[in-house]
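Side chains are part of it too, since the values below use all heavy atoms of this structure and drop only hydrogens, waters and symmetry mates.
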Amino acid sequence: SHMKHCRSLIGLRTLAFTTGLHADALILKDGSRVEKSDMKIVNGKISRMIKLPNGATAEGTVDISQIASLDWGEPEEMTNASALLAQGKSEEAVAQLKTGKDFFEVLKSVPGNWYLDIFLAYVDALNQAGKFDEVIKLMPNLKTQNLSETQKTKLQIMMLDIDRQTSSNYDLIVSRAEDILKQTTDSSIAASIWGIIGDIYMKKKDYEQALLSYLRITVFYGSQVQKLPDAELRAARALVKMRRYADAQKFFSRLIETYPGSAIAATAEKERAAIGGMKNEDQLPPDAAATATPAPEGAP
């Protein structure tokens with residue numbers, strides 16, 4: 001199945017990074033390398049292990065001014081966080097990215113550092129974990145950073161997502177979202193945008209369009225595995241609003257089976273119980289439909 005294929009791909013990627021296909025290191029100005037395995041950062045100070053001629057090791061410190069550049073592949077915290085988000089484990093992803101962000105913050109002035117990428121990924125994961133207040137707090141700091149074009153687009157999307165949650169000018173937000181969509185070929189950006197468009201249709205109570213927007217992510221952007229659990233949960237909620245209860249139950253059940261032990265599975269379990277055993281309303285006899293219980297109010 002497609003999900004299984006993605007899963008094994010994530011496994012492979014993680015493996016590739018951990019088996020040292022790319023040895024991460026600091027390159028010092030004297031040309032020497034300090035391997036990642038020989039260094040650590042504690043309280044903003046970089047220390048390194050030095051092997052002495054007699055075979056013993058000593059600990060030395062490295063000053064930022066001694067570092068010429070970083071020779072560093074995608075940080076494992078980012079890879080791990082993507083895999084965790086793909087399993088619906090947003091809290092754990094946030095924790096991984098926080099660790100990476102703290103590490104690279106110390107090295108952020110050094111060419112080749114991953115600070116901004118990891119900062120953006122961190123704020124995005126906070127948003128996925130529903131930590132809206134923290135996202136708002138970090139925004140001013142992000143806006144002052146010197147971002148690349150792709151990073152700027154990702155920031156625009158986050159700002160759009162904040163507007164979606166705080167403003168009621170839905171048409172403006174949709175048109176801004178569609179503008180970004182026209183200008184991008186980046187599938188992670190496109191998947192984020194469709195999520196925002198779906199959320200706005202939910203607010204406008206246009207549940208059919210919301211459902212189609214969420215399904216677009218699962219159908220066209222399946223490679224964005226970290227976005228799938230959330231898109232599937234939202235699609236299920238749209239089905240509940242459309243009173244397609246039996247269809248929604250299938251979605252909830254799939255989430256529970258696919259992402260065991262995650263916060264998303266727990267949510268799906270709760271929301272499935274709320275509509276337990278109810279039929280799609282178009283399957284009820286006409287007189288029963290009139291007296292059927294209204295749709296349970298799910299999460300927003």
So do L120 and M158 actually touch side chain to side chain, heavy atoms under 4.5 Å?
yes
Check the pair L107, I46 against side-chain contact (heavy atoms from CB on, under 4.5 Å), reporting the backbone distance first and the verdict last.
CA-CA 9 Å; L107 301 164; I46 310 165; 3.7 Å; yes
Answer yes if M49 and V106 sit in the same cluster of Ile, Leu, Val, Met, Phe, Trp and Tyr residues linked by side chain heavy atoms under 4.5 Å apart, and no otherwise.
no
Reported CG-to-CG distance for the pair L116 and N146, which is rounded to 0.5 angstrom:
7.5 Å
Are a donor atom and an acceptor atom from the side chains of D179 and Q183 found within less than 3.5 Å of each other?
no
Less than 4.0 angstrom from a charged side-chain N to a carboxylate O is my criterion; do E208 and R244 meet it?
no
Without hydrogens or angle criteria, can the side chains of T184 and D186 be said to hold a donor-acceptor pair below 3.5 Å?
no
Gap separating the CD1 atom of I197 from the CG atom of L212, nearest 0.5 angstrom:
12.0 Å
Do I193 and L85 sit in the same hydrophobic cluster, where Ile, Leu, Val, Met, Phe, Trp and Tyr count as joined when their side-chain heavy atoms come under 4.5 Å apart?
no
So how far is it from S175 OG to L181 CG, rounded to the nearest 0.5 Å?
12.0 Å
Taking all non-hydrogen atoms of both residues, which atom of G277 and which atom of Q249 are closest, and how far apart?
N-OE1, 3.3 Å
What's the verdict on side-chain contact (heavy atoms from CB on, under 4.5 Å) for D71 and D24, showing C-alpha distance, side-chain angles and the deciding distance?
CA-CA 6 Å; D71 177 18; D24 300 326; over 6 Å; no
Flag the pair S47 / M39 as yes when at least one side-chain heavy-atom distance between them is below 4.5 Å, and no otherwise.
no
Taking a hydrophobic cluster as the set of Ile, Leu, Val, Met, Phe, Trp and Tyr residues connected by side-chain heavy atoms closer than 4.5 Å, whether directly or through intermediates, do F252 and I264 fall within one such cluster?
yes
Do S167 and N169 have side-chain N/O donor and acceptor atoms under 3.5 Å apart?
no
Non-hydrogen atoms of G112 and L70 that approach each other most closely
O-CB, 3.7 Å
Considering residues at least two apart in sequence or located in another chain, which fulfil the salt bridge (charged side-chain N to carboxylate O under 4.0 Å, His left out) criterion with R48?
none
Is any side-chain heavy atom of Y221 closer than 4.5 Å to one of W194?
yes
Could you tell me whether the side chain of L239 reaches within less than 4.5 Å of the side chain of Y207, counting heavy atoms only?
no
Any heavy-atom pair between the side chains of I67 and I27 that's under 4.5 Å?
no
Going by atom types alone, do S187 and Q224 pair a side-chain donor with an acceptor below 3.5 Å?
yes
Pair E271 + R237: basic N to acidic O under 4.0 Å:
yes
Is there a donor-acceptor pair closer than 3.5 Å between any side-chain N or O of R33 and the backbone N or O of A23?
yes
If two hydrophobic side chains count as joined below 4.5 Å and joins carry through other members, does Y214 share a cluster with F251?
yes
Can you name the closest pair of heavy atoms from A246 and N280 and give their distance?
N-OD1, 2.7 Å
Excluding sequence neighbours, so at least two apart, what forms ring-ring contact (aromatic ring centres under 6.0 Å, His included) with F103?
W72
Does atom CG of N54 have more than 12 heavy-atom neighbours, drawn from other residues, nucleotides or ligands, at distances under 6.0 Å?
yes
Checking the side chain of Y201 only, and the main-chain atoms of D206 only, is there a donor and an acceptor separated by less than 3.5 Å?
no
Would you name the heavy atoms of I157 and S192 that are closest together and state the gap between them?
CG2-CB, 3.8 Å
Passes side-chain contact (heavy atoms from CB on, under 4.5 Å), L126 versus F132? Steps please.
CA-CA 7 Å; L126 281 172; F132 192 55; over 6 Å; no
Of all heavy-atom pairs linking I256 and A265, the shortest is CG1-O, 3.7 Å
Can you pull out every salt bridge (Lys or Arg N to Asp or Glu O under 4.0 Å) where at least one residue sits in residues 88-99? Sequence neighbours excluded, please.
E91-K131, K98-D102
Side-chain contact test, heavy atoms from C-beta onward, threshold under 4.5 Å: evaluate it for E232 versus Y259 and give yes or no.
yes
dist D38:CG -> E59:CD (nearest 0.5 Å) comes out at 11.0 Å
Transitive ILVMFWY side-chain link F119 to L97, under 4.5 Å:
yes
Evaluate whether atom NZ of K29 has more than 12 neighbouring non-hydrogen atoms of other residues, nucleotides or ligands under 6.0 angstrom away.
yes
Side chain to side chain donor-acceptor pair (under 3.5 Å) pairs, two or more places apart, involving residues 107-126
E105-Y115, D117-Q151
Specify the closest pair of heavy atoms between G88 and P229, including all atoms of both residues, with the distance to one decimal.
N-CG, 3.8 Å
By the salt bridge (Lys or Arg N to Asp or Glu O under 4.0 Å) test, which pairs, at least two apart or in different chains, include something from residues 160-173?
D161-R164, D163-R176, R164-D199, D171-K204
Taking salt bridge (charged side-chain N to carboxylate O under 4.0 Å, His left out) as the definition, give me every residue that meets it alongside K152, ordered by chain and number, with sequence neighbours left out.
E149
Less than 4.5 Å apart, any side-chain heavy atom of L155 and any of L147?
yes
What's the verdict on side-chain contact (heavy atoms from CB on, under 4.5 Å) for T150 and I189, showing C-alpha distance, side-chain angles and the deciding distance?
CA-CA 9 Å; T150 307; I189 287 173; 4.3 Å; yes
Side-chain contact test, heavy atoms from C-beta onward, threshold under 4.5 Å: evaluate it for Q96 versus M78 and give yes or no.
no
To the closest 0.5 Å, what do you measure between OG1 (T267) and CD (E269)?
10.0 Å
Which value, rounded to the nearest 0.5 Å, describes the distance between I118 atom CD1 and E74 atom CD?
8.5 Å
